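Please read all numbers here as calculations on a predicted model, not as lab measurements. Numbers restart at 1 for each chain; the letters A, B, ... are given by sequence-line order, proteins then strands.
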Amino acid sequence: MEVRDLHEWPSGAAAAEAVQDRLRPLLELDVPGPAEPRAVAGLDVSYAGDGRGDRLAAAVVVLDGTTLDVVEESVVVGTAAFPYVPGLFAFRELPALLDALRGLRTSPDLLVCDGFGVAHPRRFGLACHLGVLTGLPCVGVGKTAFVGTYAPPGPRRGDTSPLVDGGEVVGRVLRTQDGVKPVFVSVGHRTDLDTACRNVLALSPRYRLPETTRRADRLSRDALAS
DNA sequence: GCGACAG
DNA sequence: ATCTTGTCGC
């Protein structure tokens, strides 16, 4: 798919925060998300060595939204573009992820990425950044809490509880399987939270994490090994 | 001031 | 994120 080039790149934390503040107004959060996406893309990145190095592999796996069969894959080996700083995580993986997206023949109807969307200190996590740059609906699925407080959701698959930060609901804690640790869902771009959670649940028929994320994780890991 | 902090 | 042994459960 066509992905526009990254123009300016922040040289430090202050500049990176400024980029987030400048792009945030471009978010489209008051629109219904894709209820039945035909193609859903999962994105993930793996690192070589102990994680302190900068060699990485970014993968995108597109699944049929109904059957969850793999439709297309794209993976690139690259370099971490920024040090890991909580709140600026996107700058680390964004260039490589955009490269992987460029390797796709078709444009997905929904992007599912690791990390958060608006459940972020400045309301502009990786899912927001990726959404704005691609123009595609995007949802963030985090494995651990970052910002906000919440009550544990019920014990059954599908149970949820609101993730609240600064007095506003920034996401939802979603139990994707009976009795397993919940995941943290937040909207990134062009989707509402209800639809985002429905999509994530539909993508997680068997395991805690969405099939999109699991497939992309495996693909990126394999790419580093070879 | 200090610690915690998506991946 | 990644490095790791054993262990519990289906």
**Request:** Measure the shortest side-chain to side-chain distance between Met1(A) and Thr106(A) over non-hydrogen atoms and say whether it is less than 4.5 angstrom.
**Result:** no
**Side chain proximity check, Arg215(A) to Glu73(A), heavy atoms < 4.5 angstrom** = no
**Request:** First locate atom NE2 of His129(A), then atom CG of Leu88(A), and finally report the distance between them rounded to the nearest 0.5 Å.
**Result:** 10.5 Å
**Asked** Out of curiosity, Phe89(A) CZ to His120(A) NE2, how far, rounded to the nearest 0.5 Å?
**Response** 10.5 Å
**Request:** Taking only the side-chain nitrogens and oxygens of Tyr84(A), find out if one of them lies under 4.0 Å from OP1 or OP2 of dA6(B).
**Result:** yes
**Prompt:** According to a strict under-4.0 Å criterion, is Arg92(A) in side-chain N/O contact with OP1 or OP2 of dA6(B)?
**Reply:** no
Length of the line joining [X]:[atom1] and [N]:[atom2], which is rounded to integer Å:
| X | N | atom1 | atom2 | result |
| --- | --- | --- | --- | --- |
| Arg214(A) | dG7(B) | CZ | P | 16 Å |
| Phe82(A) | dA6(B) | CZ | P | 16 Å |
| Leu43(A) | dA6(B) | CG | P | 20 Å |
| Phe116(A) | dC5(B) | CZ | P | 12 Å |
| Phe184(A) | dG7(B) | CZ | C1' | 14 Å |
| Arg218(A) | dA1(C) | CZ | P | 16 Å |
| His120(A) | dA6(B) | NE2 | C1' | 8 Å |
| Asp44(A) | dA1(C) | CG | C1' | 9 Å |

**Asked** Looking at Asp217(A) and Arg214(A), does any basic side-chain N land under 4.0 Å from a carboxylate oxygen?
**Response** no
**Request:** Looking at every strand, decide which applies to Arg221(A) at a 4.0 Å heavy-atom threshold: base, sugar-phosphate, or nothing.
**Result:** sugar-phosphate
**Message:** Considering every strand and a 4.0 Å limit on heavy-atom distances, what is the contact class for Leu88(A): base, sugar-phosphate, or nothing?
**Reply:** base
**Message:** At a heavy-atom distance below 4.0 Å, what parts of residues 123-149 of chain A sit against DNA chain B?
**Reply:** Gly125(A), Leu126(A), Gly142(A), Lys143(A), Thr144(A), Ala145(A), Phe146(A)
**Request:** Kindly say whether Leu68(A) contributes a backbone atom to a donor-acceptor pair with the side chain of Glu211(A) at under 3.5 angstrom?
**Result:** no
**Request:** Say whether, by atom type as modelled, one donor and one acceptor occur between the side chain of Arg123(A) and the main chain of Arg24(A) under 3.5 angstrom.
**Result:** no
**Asked** Which stems does DNA chain C form, counting runs of 3 or more consecutive Watson-Crick or G-U wobble pairs with both distances under 3.5 Å?
**Response** none
**Message:** For the CZ atom on Arg218(A), are there more than 12 heavy atoms of other groups (residues, nucleotides or ligands in this structure) within a distance under 6.0 Å?
**Reply:** no
**Prompt:** Is the Phe116(A) ring parallel, tilted or perpendicular to the Phe184(A) ring (thresholds 30°, 60°)?
**Reply:** perpendicular
